[in-house]
Amino acid sequence: MMIVLAEKIGDKMKKNVWILNHYATGQFYDKGGRHFWISEQLKKRGYAPVVFGASYLRTDENKVDLEGKKFKVKKTGIGVPLIVVKVCSEKDGGIHRIKNMMDYYRNVQCAAKKYAEKYGKPDIIYASSVHPLALIAGEKLAKKYHVPCICEVRDLWPETMVLMGIWKKNMLTNMMYMGERWIYKKADALVFTMEGAAEYIKSRKWDKASGGPIDLNKIYHINNGVDLKRFMENVEKYSLNDDDLAEDGKFIVNYTGSIRAANSVDELVGAAQQLKELHNERVKILIWGTGNYVENLCELIRDSGLNNIKYKGMVKKAMIPSVLSQGDVNVYTFRDGGTKYGIDLNKCFEYLASGKPLIGNDDTLFSVIRKYDCGIEKKMNARELGEAIDKISNMPVEEYERLCKNASMAAEDYDFSVLTAKLIDIIEQL
């Protein structure tokens, strides 16, 4: 394949930006996702990104065959080298997921060494978490090649899990907090996808003003977002014809994405029940996605006997824009505490791009919905969630259209062309 090396632009040199993201491989197969879009934008703006992802794409059926090698360089449609690193199967999680993370940590360093020997070293490392080991690997590679390291934090480990009550504070989580602090201290720059990162650092007393080692001036916020141009193209290119979406006289509420315990999708069943009690026959709630809570969700819907809520299954990512554009309002739910320091759920920005109002059932201190006045966002029980849906479904047309317009305007601020420009500002400062 053609490998993109450093090339001259005028009297300047392209910077080789190595992006480490465990789950980036799936983004290149889906042709969408944070680091797919960022690497595409970086390349357009004269940089030379190289992406390191893992071989296992969350299911054994979708793993990448490396033919016994520890890594393989793959061609991509956007001309960005994708280095697929060997990892074991996650299976059902637990110890297998930990092994999967450890494999990425070890093998990405091996792959990076071999790649550098053949094609040259990076000018900057951009390591992104779903797990902290990717950040540690990035910092080790940056030290090896004497280049800056940007650590991107997309999940607060273990804080988010503690806030949601999934993990308890104990010796293990205390050790994880210590590791998190060490990672943040070592990074040359910290990019958080949640807006309240500085408040989180201060709450831990890790900032210099509190006697800690972390300079708040090296903390930046670049939220998740959406490729608006591709979103609009996909509305037409991958149109979904669906009887439920097209049902006459119905006000369609869409939920898309992960269906896991942390997403609290069971609240949508309770909301559907409340809508029945309010005698709102117009609303139909459609749930699209997959996850380990699907069976529980389907059982709840079946046992409820409700006909105003339906699990629709999974659709290809490219069809999500069509789904959302045919609905009337988009909703997300989240377990208590999980969004305290800000919203960075991918679905939120696709929701905005659809130009439809949003309902967010969460307790965040940093609200995109409230900031842009494009819907309703607060922590609600199932009854209150149903009432919020009922309220928007019965709004005067002028008020509803105002929320739609505000959502579309918000989406422009979260387009990946805008977000990548913010990243480039950080790169050029280091």
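For reference, positions follow the sequence shown, starting with 1.
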I need the single residue from Asp155, Asn224, Asp344, Asn223 that forms a side-chain hydrogen bond (donor to acceptor under 3.5 Å, both in side chains) with Thr193. Which is it? Asp344
Just wondering, more than 12 heavy atoms not from [X] lying within 6.0 Å of its [atom1]?
| X | atom1 | result |
| --- | --- | --- |
| Lys218 | NZ | yes |
| Lys72 | NZ | yes |
| Lys379 | NZ | yes |

Between Phe231 and Phe349, does the ring centre distance come in under 6.0 Å? no
Between His131 and Tyr105, is the ring centre distance below 6.0 Å? no
Would you call Lys317-Glu350 a salt bridge at under 4.0 Å N-O? yes
After noting the C-alpha distance and the side-chain angles of Arg34 and Tyr23, does the key distance pass the side chain to side chain contact (heavy atoms under 4.5 Å, CB included) rule? CA-CA 10 Å; Arg34 183 176 180 87; Tyr23 295 111; over 6 Å; no
Going by the salt bridge (Lys or Arg N to Asp or Glu O under 4.0 Å) test, which pairs reach into residues 320-329, not counting sequence neighbours? none
Does anything in residues 273-290 pair up under salt bridge (Lys or Arg N to Asp or Glu O under 4.0 Å), and if so which pairs, sequence neighbours excluded? Asp244-Lys284, Glu247-Lys284, Lys276-Glu281
Using only heavy-atom distances, determine whether the side chains of [X] and [Y] contain a donor-acceptor pair under 3.5 Å.
| X | Y | answer |
| --- | --- | --- |
| Glu199 | Ser203 | no |
| Asn280 | Ser393 | yes |
| Asp413 | Tyr372 | yes |

To the nearest 0.5 Å, how far apart are NZ in Lys31 and CD1 in Ile78? 10.0 Å
With Tyr332, the side chain to side chain contact (heavy atoms under 4.5 Å, CB included) member among Asn263, Ile343, Asn254: Ile343
Ring geometry between Phe416 and Trp37 (parallel below 30°, tilted from 30 to 60°, perpendicular above 60°): tilted
